[in-house]
**Student:** 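Let me give you the structure first, and then I'll get to my questions.
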Amino acid sequence: MKVISENPRSENSRKFPHLRQDFAASLVVFLVALPLCVGVAVASGVPAELGLVTGIVGGIVTGLLPGSSLQVSGPAAGLTVLVFGAVDEYGLPALGVIVLAAGLIQLAMGALKLGRWFRAISLSVVEGMLAGIGLVLIAGQLYSAAGLDAPASGLDKIIGLPGAAADALGSSEALVSLALGAGTVAVMVLWKRLPKQVQTVPGALAAVGLATAVTAVFGLSVATVEVNGLLGVIQPPGADAFGELASVGLLGTIVAFTLIASAESLFSAAAVDRLHNGPRTEYNKELMAQGAGNTVCGLLGALPMTAVIVRSSANVGAGARTKASRVLHGVWLLLFAALLPSVLALIPLPALAGILVHAGWKLIPFRGIVSLWRGHRGEALILVVTAVSIVAVNMFEGVLIGMALSVVKTAWEASHLKLEVVDKGAGPIQAHLSGNATFLRLPKILESLEALPQDRPVELDLSGLHHLDHACRTALENWAERHSATGTDPVKVTEPTTAAV
């Protein structure tokens with residue numbers, strides 16, 4: 001008897017049980033990613049199509065690899081400031097070399113299973129980094145929204161804002177451009193208050209669409225996106241670009257790209273894991289997936305990629321169940337870039353500036369700073385110092401300053417020590433040490449002990465110590481000998497537990 005096979009729809013549903021949910025989610029992520037890819041590229045000082053190239057690679061290449069099943073990668077606002085500075089200093093051809101090298105380092109770190117160590121980076125440093133990026137991004141895009149040229153450094157951008165405002169007030173064209181950018185921000189802020197049926201269209205896409213329509217209907221004289229075509233902007237780095245690797249500054253930029261992109265991606269993965277109940281992120285594999293994507297982006301001369309929390313949360317919120325959604329979103333970006341590139345030329349630059357001002361604002365953890373200040377002022381200080389350092393100096397050195405301050409704070413806390421002296425007026429003086437006795441607190445320990453009366457016996461209780469290093473132990477033994485040499489009873493020492501030694 002011949003067995004009749006099941007219908008194709010039923011068979012496909014068994015092979016791809018979540019295809020319908022993933023297909024719908026991919027469209028949502030595509031609509032969210034499209035304006036962000038273009039906006040990040042323009043803000044980075046590179047052709048708009050390169051942002052789409054990175055989005056395509058992030059969807060198709062990184063999306064196919066194991067690591068985090070629902071996290072979506074692409075060009076990120078968090079790297080905009082660093083990319084702009086690199087392109088301005090070394091030129092666009094060198095960008096491919098930087099991204100390629102960063103990708104290869106990420107691959108190596110993932111293979112060496114170093115991904116989990118990025119989870120040990122102080123959260124205050126990461127949030128401070130994002131806050132600093134957000135401040136510089138907002139300041140820079142305010143110039144773009146007004147159609148003005150922005151200064152090079154982050155500090156000059158902020159200092160120059162009053163002068164830029166005066167220039168804008170004296171120019172009708174600048175005011176129109178600024179109003180269009182402000183309107184874009186307003187649409188994005190108010191979009192979340194509209195009915196959920198309306199919010200099925202992403203706010204960023206709606207804001208750009210409305211700004212484009214207003215520009216066309218009223219014939220506004222504002223700058224729009226320059227279009228060169230997808231194939232025209234793909235420029236693999238040549239031999240001259242690789243020659244830049246001899247520059248110490250460029251090597252430092254590569255390290256900055258690697259550390260920041262990796263940290264942002266893995267922190268994003270941890271955040272995305274909290275949004276769903278599916279498989280957890282495998283951090284080393286995710287780091288290798290990011291490295292593979294950045295390697296391909298580097299070979300194409302495109303922007304660097306990271307995992308992007310905005311797209312990832314949109315993916316989860318739209319009901320995605322597998323990695324198919326993020327791969328399909330890359331396919332839709334590819335089809336758009338190949339078939340409809342001329343649409344980009346209609347998008348006004350002030351609208352993209354408005355989107356990035358909104359994105360930069362969301363990078364600044366206002367509530368986090370307040371809560372940290374209430375409970376952990378040291379962490380709040382690290383966050384603020386990191387952000388200010390990035391604005392005042394640059395991205396790489398700002399992050400290093402934040403990390404150094406975090407290490408100092410940790411060392412200080414690790415050496416926390418409390419000395420309690422009990423003197424009942426008669427009998428031995430009791431001195432109780434608790435906490436961590438390290439060489440950092442040795443001067444304080446000796447100063448307090450040497451201030452005790454020389455003619456009274458002392459009982460030194462070390463049982464409350466969690467840690468006693470060699471330098472402190474030796475110094476305490478020497479003090480006990482000196483105190484006992486004055487003719488008083490020998491100092492009685494209660495030893496710490498074995499674990500504290």
**Student:** I need the full list of salt bridge (Lys or Arg N to Asp or Glu O under 4.0 Å) pairs touching residues 70-83, with sequence neighbours left out, sorted by first then second residue.
**Tutor:** none

**Student:** Who passes side-chain contact (heavy atoms from CB on, under 4.5 Å) against Ser389, sequence neighbours left out?
**Tutor:** Val385, Ile401

**Student:** Going from OG1 on Thr224 to CG on Leu349, what distance comes out if it is rounded to the nearest 0.5 angstrom?
**Tutor:** 6.5 Å

**Student:** When you measure from the side chain of Ser312 to the backbone N and O of Val272, does any donor-acceptor pair fall under 3.5 Å?
**Tutor:** no

**Student:** If you count the non-hydrogen atoms of other residues, nucleotides and ligands that lie under 6.0 Å from CD in Glu173, is the total more than 12?
**Tutor:** no

**Student:** Taking Asn315 for the side chain and Arg326 for the main chain, is one N or O donor matched with an acceptor at less than 3.5 Å?
**Tutor:** no

**Student:** Taking Tyr90 for the side chain and Leu250 for the main chain, is one N or O donor matched with an acceptor at less than 3.5 Å?
**Tutor:** yes

**Student:** Which residue pairs pass the ring-ring contact (aromatic ring centres under 6.0 Å, His included) test when at least one of the two sits in residues 342-363, sequence neighbours left out?
**Tutor:** Trp361-Phe366

**Student:** Would you confirm whether Ser325, through its side chain, and Arg321, through its main-chain N or O, come within 3.5 Å as a donor-acceptor pair?
**Tutor:** no

**Student:** Roughly how far, to the nearest 0.5 Å, is the CG atom of Asp149 from the OH atom of Tyr143?
**Tutor:** 10.5 Å

**Student:** On a heavy-atom basis, which atom in Ala76 and which in Val40 lie closest, and how many Å separate them?
**Tutor:** O-CG1, 3.7 Å

**Student:** So among Val136, Ile133, Leu137, which one has a side-chain contact (heavy atoms from CB on, under 4.5 Å) with Thr80?
**Tutor:** Leu137

**Student:** Is Asp240 atom CG crowded by more than 12 heavy atoms from other residues, nucleotides or ligands, each under 6.0 Å away?
**Tutor:** no

**Student:** Taking all atoms of both residues into account, what is the closest heavy-atom pair of Asn284 and Gly115, and its distance?
**Tutor:** OD1-N, 2.7 Å

**Student:** Looking only at atom types and distance, does a side-chain atom of Glu286 sit under 3.5 Å from a main-chain N or O of Leu266, one as donor and one as acceptor?
**Tutor:** no

**Student:** Where is the tightest heavy-atom contact between Ala307 and Gln71, given as atom of each residue plus distance?
**Tutor:** CB-CD, 3.1 Å

**Student:** Is the count of non-hydrogen atoms from other residues, nucleotides or ligands lying under 6.0 Å from Lys285 atom NZ greater than 12?
**Tutor:** no

**Student:** Taking all atoms of both residues into account, what is the closest heavy-atom pair of Gly360 and Ile138, and its distance?
**Tutor:** C-CD1, 3.7 Å

**Student:** Mind listing the closest non-hydrogen atom pair of Ala302 and Val53 along with its distance?
**Tutor:** CB-CG1, 3.7 Å

